[in-house]
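Right, one structure below, let's go through it.
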Amino acid sequence: MEEYNPVDEVAFNADEVNISIKECVEGVIGGTDYNQNKVNQWTASIVEHSLTHLVKQGRPFKYIVNCAIMQKSGAGLHTANSCYWDTTTDGSCTARWENRTMYCVVSVFAVAVTL
């Protein structure tokens with residue numbers, strides 16, 4: 001029989017979140033071509049949908065969600081994140097999505113709320 005570990009209830013599951021974020025991105029911009037006039041709307045919608053989905057899971061975290069959309073033009077895009085936190089409970093993940101005309105990079109940071 002496995003021992004009960006309360007950290008398991010609070011630990012951030014990056015793989016699960018990555019799949020969820022990609023589904024949110026696909027739901028907002030899947031099947032569309034890059035359009036500069038819609039990027040602000042798309043990024044706001046992706047962030048809101050992602051945050052709503054994360055909160056609905058009822059896990060004890062505070063979330064930070066960041067989204068960048070870039071037109072495919074041959075230019076490079078480099079991002080980096082660094083966090084100082086409790087690695088046993090807190091976590092982050094970055095989901096990369098692309099189609100033939102654009103890239104979308106969404107980063108999620110989760111900080112455990114312990115009482």
Side-chain angles (χ1 to χ4, degrees):
M1 185 170 180
E2 259 186 65
E3 253 184 70
Y4 170 74
N5 185 352
V7 172
D8 291 340
E9 290 182 10
V10 181
F12 179 74
N13 186 333
D15 293 334
E16 182 180 296
V17 171
N18 195 301
I19 291 166
S20 174
I21 296 307
K22 286 183 178 180
E23 288 173 0
C24 289
V25 172
E26 186 68 34
V28 174
I29 59 175
T32 61
D33 287 339
Y34 181 84
N35 182 336
Q36 181 179 350
N37 297 325
K38 293 188 176 185
V39 171
N40 286 339
Q41 176 187 340
W42 289 339
T43 55
S45 185
I46 289 166
V47 168
E48 289 301 318
H49 280 79
S50 299
L51 196 55
T52 299
H53 185 80
L54 291 166
V55 170
K56 280 183 181 177
Q57 293 178 355
R59 307 288 310 276
F61 291 105
K62 288 185 179 181
Y63 295 102
I64 301 147
V65 181
N66 183 327
C67 176
I69 294 176
M70 179 179 164
Q71 182 177 17
K72 281 189 175 179
S73 64
L77 173 65
H78 303 274
T79 63
N81 299 310
S82 179
C83 303
Y84 180 74
W85 56 24
D86 183 351
T87 56
T88 60
T89 55
D90 307 334
S92 68
C93 77
T94 300
R96 180 176 160 235
W97 178 94
E98 67 179 280
N99 68 11
R100 65 181 187 82
T101 62
M102 64 184 139
Y103 296 105
C104 180
V105 179
V106 179
S107 294
V108 175
F109 303 89
V111 180
V113 178
T114 55
L115 302 173

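Please read these numbers as outputs of a predicted model, since none were measured by experiment.
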Measure across F109 and S92 and return the closest heavy-atom pair with its distance rounded to 0.1 Å.
-> CD2-CB, 3.6 Å
For A11, does its backbone N or O pair with a side-chain atom of R59 as donor and acceptor, under 3.5 Å?
-> yes
Under the criterion side chain to side chain contact (heavy atoms under 4.5 Å, CB included), which of V105, T43, V28, N40 is the partner of I69?
-> T43
Decide yes or no for S107 and N81: does some side-chain heavy atom of the first lie under 4.5 Å from some side-chain heavy atom of the second?
-> yes
Would you say the side-chain atoms of S20 pair up with the backbone N or O of E16, donor to acceptor, closer than 3.5 Å?
-> no
Report yes if the side chains of T114 and D86 come closer than 4.5 Å at any heavy-atom pair, otherwise no.
-> no
Of all residues at least two apart in sequence or in a different chain, which pass the side chain to side chain donor-acceptor pair (under 3.5 Å) check with N18?
-> none
Of all heavy-atom pairs between T89 and F61, which one has the smallest distance, and what is that distance?
-> O-CE2, 3.3 Å
Look at the side-chain heavy atoms of Ile, Leu, Val, Met, Phe, Trp and Tyr, link any pair under 4.5 Å apart, and say whether V55 and I64 land in one connected group.
-> no
Scan V17, V65, V47 and name whichever one has a side chain to side chain contact (heavy atoms under 4.5 Å, CB included) with V106.
-> V65
When you look at NZ of K72, are more than 12 heavy atoms from neighbouring residues, nucleotides or ligands closer to it than 6.0 Å?
-> yes
Write down the atom of Y34, the atom of M70, and the distance for their closest heavy-atom approach.
-> CE1-C, 4.2 Å
So which of I29, V39, I21 actually passes side chain to side chain contact (heavy atoms under 4.5 Å, CB included) with C104?
-> I29
Sequence neighbours excluded, which residues qualify as side chain to side chain donor-acceptor pair (under 3.5 Å) partners of E26?
-> W97
Could you tell me whether the side chain of H53 reaches within less than 4.5 Å of the side chain of Q57, counting heavy atoms only?
-> yes
Hey, what do you get for NE2 (H49) to CG (L54), rounding to the nearest 0.5 Å?
-> 12.5 Å
Heavy-atom donor-acceptor pair, N99 side chain to T32 backbone, under 3.5 Å | yes
Closest non-hydrogen contact found for F12 with C93 is CE2-N, 4.2 Å
